[in-house]
Amino acid sequence: MKKTRKPGGGRKKLKPEYDAGKNLKEQMESAVALYVSEMSLQAIGDELGINPIKVRKLIITEGVYESEVAEKVQDTFEEYRETQNYKEAILSTAATLELSKAS
């Protein structure tokens, strides 16, 4: 006889209170608040304990950071997003603008 699996089974979470989405949202809010108060990306990174490039990525995602490249990336991504899923749109945007996926 084959045992049936119980729903919700499997490995228990090591950190059940950990919520990546919540942490990301908090990082974004903090980065935006510090950027609006005219801190440099390096200073914000030092304050939050993250890389300045990650800081820039967070504030671009929130639509606060402005540059020609950031606007071009956002516009291109939105165009691809109309016909592609999120991951495909990212890869297509990176390929079209000759940027790395991380950028």
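Reckoned from all heavy atoms, side chains included, excluding hydrogens, waters and symmetry mates.
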Using the side-chain contact (heavy atoms from CB on, under 4.5 Å) criterion, which residues pair with L91? Sequence neighbours excluded.
K87, K101

side-chain contact (heavy atoms from CB on, under 4.5 Å) against T83, all qualifying residues, sequence neighbours excluded
none

Quick one: pull up OG1 in T93 and NZ in K72 and give me the separation to the nearest 0.5 Å.
12.5 Å

From NZ (K57) to CD (E62), nearest 0.5 Å
14.0 Å

Considering residues at least two apart in sequence or located in another chain, which fulfil the side-chain hydrogen bond (donor to acceptor under 3.5 Å, both in side chains) criterion with [X]?
| X | answer |
| --- | --- |
| Q84 | S92 |
| E78 | Q74 |
| T96 | Y80 |
| Q42 | D46 |

Would you say CD1 of I53 has more than 12 non-hydrogen atoms from neighbouring residues, nucleotides or ligands within 6.0 angstrom?
no

Non-hydrogen atoms of S100 and A94 that approach each other most closely:
O-CB, 3.9 Å

List, by chain and number, the other hydrophobic cluster members for I50, where Ile, Leu, Val, Met, Phe, Trp and Tyr join if side-chain heavy atoms come within less than 4.5 Å, directly or indirectly.
L24, M28, V32, L34, Y35, V36, M39, L41, I44, L48, V55, L58, I59, I60, V64, Y65

